[in-house]
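First up is the structure itself, then whatever we jot down about it.
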Amino acid sequence: MEKKKAAVPLVCHGHSRPVVDLFYSPVTPDGYFLISASKDSNPMLRNGETGDWIGTFEGHKGAVWSCCLDTNALRAASGSADFSAKVWDALTGDELHSFEHKHIVRACAFSKDTHLLLTGGMEKILRVYDLNKPDVAPKELDKSPGSVRTVAWLHNDQTILSSCTDTGGVRLWDVRSEKIVQTLETKGPVTSAEVSQDGRFITTADGSSVKFWDANHFGLVKSYDMSFIVESASLEPKSGSKFIAGGEDMWVHVFDFLTGEEITLLYCAACNKGHHGPVHCVRFAPGGESYASGSEDGTIRIWQLSPPNADAEEAIDTNGKPKAGAEEIACKIEGFHIAKEEKAGE
């Protein structure tokens with residue numbers, strides 16, 4: 001009997017210190033791209049499919065905590081411990097703007113329309129910069145209850161999401177009124193918050209818990225307790241049938257979204273083991289066929305979710321049954337009573 005070959009992740013070297021944030025661009029006419037933030041102060045841009053290094057953005061003088069690309073992958077942004085957020089030309093690597101802050105910038109995000117940059121950090125202030133008028137003072141939302149850890153846009157740039165390093169919960173801000181309109185309650189500080197590609201779900205990680213929220217009605221859809229401290233989680237963007245989580249145990253785990261059960265990928269002998277330090281960030285590629293992880297060990301690893309011939313085979317679950325398709329999962333989610341918290345084992 002022929003022995004199945006184990007899938008080996010692409011290992012991306014280059015950073016000299018821990019990798020603390022990853023961001024995939026949407027698919028563009030030139031493919032899709034992956035940007036990484038590291039404590040070595042040098043954000044790096046890579047081909048999202050192959051992991052090949054494209055370039056390094058040089059100019060920060062402190063650890064870079066956050067990074068992102070705009071919708072067209074033409075500009076990059078980064079937030080740093082040098083009290084600045086910078087915007088870069090993603091084609092040339094040139095610095096376009098540097099926005100000075102009064103403390104460490106922990107998070108940044110481009111608006112969907114690419115005109116605005118959102119930042120947050122130790123000052124407990126959310127700032128919105130108009131990139132068409134970079135010399136104009138930013139709009140400030142200054143009632144965050146703690147130091148800002150993560151930020152994101154949703155509802156076509158009408159709502160801002162933020163979480164804090166020192167207090168639980170996710171806050172949703174109305175951009176026009178500049179006020180908090182909803183708080184998603186969690187027991188611990190939220191270390192990772194991701195808005196799904198279709199805008200329907202918010203995926204959060206706090207402590208040893210991964211939660212999924214309805215992004216429009218704000219109810220809790222799923223909550224799963226893990227056997228390890230989770231630093232980051234990401235929902236598969238196409239079918240929504242799987243999610244990944246990484247944290248202190250140095251593994252990247254793949255789970256079934258509907259049941260919370262960990263999935264063993266049979267074609268991979270030592271699946272998702274390889275980092276030599278805690279996993280600080282995990283993100284799915286925009287097509288859902290692969291995902292990336294960044295670690296304390298300074299490396300990025302890109303993992304294939306399916307074997308090369310997956311398209312020719314019917315996807316099966318751990319019990320050998322055909323997996324539910326995207327439409328079936330969507331129907332099940334739509335019929336789920338989101339007001340009731342569902343936890344694994346209950």
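Dense packing is recorded around CD of Glu178, with more than 12 heavy atoms of other residues, nucleotides or ligands lying under 6.0 Å away. A 6.0 Å sphere centred on CG of Asp166 holds more than 12 heavy atoms belonging to other residues, nucleotides or ligands.
Formation of a donor-acceptor pair under 3.5 Å by the Ser290 side chain with backbone atoms of Ile302 is not found in this model. Checking side-chain atoms of Ser234 against main-chain N and O of Phe284 turns up a donor-acceptor pair under 3.5 Å. Side-chain N or O atoms of Thr28 include one that pairs as donor or acceptor with a backbone N or O of Asp30 at under 3.5 Å. Although no hydrogens or angles enter the test, the distance criterion places no donor-acceptor pair under 3.5 Å between the side chain of Thr183 and the main chain of Glu185. Put simply, the side chain of Asp157 gets close to the backbone of Asp113: a donor and an acceptor are under 3.5 Å apart. The main-chain N or O of Arg149 is never found under 3.5 Å from a side-chain atom of Thr165 such that the two would form a donor-acceptor pair. In this structure, Trp153 contributes its side chain and Ala109 its backbone to a donor-acceptor pair below 3.5 Å. The backbone N or O of Gly277 lies less than 3.5 Å from a partner atom in the side chain of Ser295, making a donor-acceptor pair. Between the side chain of Ser208 and the backbone N or O of Ile229, no donor-acceptor pair lies under 3.5 Å. Ser78 places no side-chain N or O within donor-acceptor distance of the main-chain N or O of Ser66, the cut-off being under 3.5 Å.
Using the six-membered ring where Trp is involved, Phe243 and Phe255 have ring planes that are parallel, under 30° apart on the 30 and 60° scheme. The aromatic rings of His253 and Phe228 lie parallel to each other, with less than 30° between the two planes, well short of the 60° mark. Between Trp88 and His60, the ring-plane angle classifies as perpendicular under the 30° and 60° cut-offs.
Using a 4.5 Å cut-off between side-chain heavy atoms of Ile, Leu, Val, Met, Phe, Trp and Tyr, with links allowed through other members, Ile263 and Val279 fall into the same hydrophobic cluster. In this structure, Ile244 is a member of the same hydrophobic cluster as Leu305, with clusters built from ILVMFWY side-chain heavy atoms closer than 4.5 Å.
A distance of 8.5 Å separates CG of Leu69 from CZ of Phe33, quoted to the nearest 0.5 Å. Atom CD of Glu296 is separated from atom CD of Glu248 by 10.5 Å, given to the nearest 0.5 angstrom. The distance from atom CG of Leu118 to atom CG of Leu116, rounded to the nearest 0.5 Å, is 9.0 Å. The NE2 atom of His115 sits 8.5 Å away from the CG atom of Asp130 when rounded to the nearest 0.5 Å. Atom CG of Leu172 is separated from atom CD1 of Ile202 by 5.0 Å, given to the nearest 0.5 angstrom. The OH atom of Tyr32 sits 7.5 Å away from atom CG of Asn47, with the distance rounded to the nearest 0.5 Å.
Between Glu123 and Lys102 no salt bridge is recorded (no basic side-chain N to carboxylate O distance below 4.0 Å).
The distance between the ring centers of His97 and Tyr129 does not fall below 6.0 angstrom.
Remark: Asp135 engages no residue in a side chain to side chain contact (heavy atoms under 4.5 Å, CB included) (not counting sequence neighbours).
Side-chain atoms of Ser98 and Glu100 form a donor-acceptor pair, as typed in the model, at a separation below 3.5 Å.
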